[in-house]
Amino acid sequence: MTLSSLETLQRVFGYESFRGDQQAIIEHVVSGGDALVLMPTGGGKSLCYQIPALVRPGTGIVISPLIALMQDQVDALQELGVRAAYLNSSQDWREAREVEQAFQAGELDLLYVAPERLLTERCLDLLSRGHIALFAIDEAHCVSQWGHDFRPEYLGLSLLHERWPQVPRLALTATATSATRREIAERLKLDDAPHFVASFDRPNIRYRIIEKNEVRKQLLAFIQAEHAGDCGIIYCLSRARVEETASYLCDHGIAALPYHAGLNASVRAANQSRFLREEGMVMVATIAFGMGVNKPDVRFVAHIDLPKSVEGYYQETGRAGRDGLPATAWLAYGLQDVVQQRRMIDQSEGDEVFRRRLGAQLDAMLGLCETVSCRRQRLLAYFDQTIQPCGNCDTCLEPPQAWDGTIAAQKILSAVYRLWRERGQRFGAGHLIDILRGKLTDRIKEYGHDTLSVFGIGADLSENAWRSVLRQLLAQSLLAVDHDGYGTLALTERSRGVLKGEHTLMFRREPEKKSRSRSASTRSKEAVIALPEAAQARFETLRAWRAEVARSHGVPAYVIFHDATLREIALSCPQSLDDLGGISGVGVRKREAYGEALLQCVHG
Ligand code: ADP
Ligand code: ZN
């Protein structure tokens, strides 16, 4: 007997109804059509190919670049009673042969394969000897040469269409600008495939961007106040920063692990596995980490360096709160980030077009940081989607003020102009601000900068306020970083208009710090933890039971049940196996395997 798509969702996965476009996508693929699926991270892409693979005859072939995660994905499916397996270089030939035989015998619902493996003659040959239900090309943006996840093997996947023109193909990604989308369709030869573009909103994630001063302390305070004991990911730009941040957090009692491409493979695998399996781990990582990590209970994603693009940022932050419970995306950013990134772009290899593209990406990111309106509106606008102000980002919750910074900008630009003659000296932002504020430092005396007409004309603003002005001028390209390698600030074409008083400049002023962190912290904390006392006790019992089962099966806890499922059980206190079946995340197989034990946990 074959089940319909909805029955499969309910019986196998234990979910009541489809989300968003899932149903339309699934119906389209079940009936043999190709599709390009764009959904935010955590939006529910996997079901879009897993269900058609179960409903259609044959095996669904899933092409995924993430060898290290195939095992977990397959384990999770097997827990649901789905016949899943993978083929990759981590197996010995005996294991691989068993999988191959199972495939040929038609005993698999889903088979995960890395692209480089798939494209070998041996594997293509194998596939042609079995029955294929569909091809799912996961992380399809890896085919894009502009993206930071480019994988050359992905380019070879256009071959699938030539060899198996009748088999439906789905390309899935969370990377959604229309340019990337077109590129994916073109390179994978999905010419006639409809594009299913979901809403990119992830309403349970609270977006927050703060001004950076002592970033490690700020980060620590944020974690301690709002996410003590929670699982989180912290993104840094460089390996050195990953290392130093992880050890700083460890020194302050936070269970943090490093992850970057410079660590050897076994350390990386061990850290990833601990992050997935242990509760409350914090991963400090470069962007090398995270693709395909579908741990549902990541409660925060923090960036302590400015991401290079909104697209990357949105993907990274989307790794928070896949379970739908409240989560935080926190970013600290400052003047130095702008200077550094502009310089990196100037010095990057690649032609003018390439650099211009990087520059535009950075500008969009800076626009997001400096906006005085809703962050989420800004983020979604980047993906051509519109929403009302969200009520769950920092600017909605505590609107920053805008102030007229025209005069301040003119003062700074004049100072830059005066110093420009001495370019080639190391006069950074700090020196510039000292001049404006009229500080008689040794360097100012040495260079006679106290005699400049701009000396002391900016004593009315604090050093921080000046940094903020500088940052915003750089963000808007009203100031530039010179190519001289010293980070000298330079005027731009557009500075002239400001100096002449042709534009009014409105800047963002941060709301007062104290009220801000306190109110934000209590709110997000309450939102996650608010279970009544008795239910909380049941939840703890259920969690302890789950930890035990997960350990004995050698899988991460969420593969057994998500937190959200255990919370619902703890709250609703089911009386029978039937009651349990009504809970989201409890399918037929899991109810059979774990139902009695769950009831026992709840009723003691
Ligand atoms: P993506 O691959 O798009 O990042 P996933 O496929 O991992 O997202 O799904 C995110 C989470 O949402 C998973 O925990 C999944 O079980 C859950 N989910 C997906 N679809 C549904 C649905 N229709 N009902 C309830 N939960 C769902
Ligand atoms: Zn908002």
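The figures here come from the full heavy-atom set of this structure, side chains too, leaving out hydrogens, waters and symmetry mates. We count ligands from 1, going down the list as the structure has it; atoms in each ligand are counted the same way.
- Nearest to atom 7 (O) of ligand 1 among the protein's heavy atoms is Arg322 NH1, 3.2 Å.
- In His562, the part holding a heavy atom less than 4.0 Å from any atom of ligand 1 is the side chain.
- The closest side-chain heavy-atom distance from Trp545 to Tyr594 is below 4.5 Å.
- Donor-acceptor pairing under 3.5 Å is lacking for the side chains of Glu27 and Ser31.
- Minimum interatomic distance between Arg202 and Ala320 (heavy atoms only, all atoms of both residues): NH2-O, 3.0 Å.
- A heavy-atom separation below 4.0 Å is not found between Gly324 and ligand 1.
- For a threshold of 3.5 Å applied to N or O pairs, the pair formed by Gln22 and ligand 1 contains at least one separation below that value.
- Residue contacts with ligand 1, taken as heavy atom pairs separated by less than 4.0 Å, involve Pro40 solely via the backbone atoms N, CA, C and O.
- We find the CZ-CD distance between Phe561 and Glu568 to be 11.5 Å, quoted to the nearest 0.5 Å.
- Rounded to 10 degrees, the SG-metal-SG angle spanning Cys390 and Cys396 at the Zn ion (ligand 2) equals 120°.
- Considering only non-hydrogen atoms, atom 2 (O) of ligand 1 lies nearest to Ser46 out of Ser17, Gly43, Ser46.
- Using bins of under 30°, 30° to 60° and over 60° for the plane-to-plane angle, the ring pair Phe222/Trp330 lands in the parallel bin.
- Draw a line from the Zn ion (ligand 2) to SG of Cys393 and another to SG of Cys374, and the angle between them is 120° (to 10°).
- Ring geometry for Phe383 against Tyr314 counts as tilted: the plane angle lies between 30° and 60°, on a 0 to 90° scale.
- In terms of polar-atom proximity, defined here as any N/O pair under 3.5 Å, Asn294 makes no such contact with ligand 1.
- The N/O atoms of Gly42, backbone and side chain alike, include one that comes under 3.5 Å of an N/O atom in ligand 1.
- Cation-pi geometry between Arg567 and Phe539 is met: under 6.0 angstrom from the ring centre, within 45 degrees of the axis.
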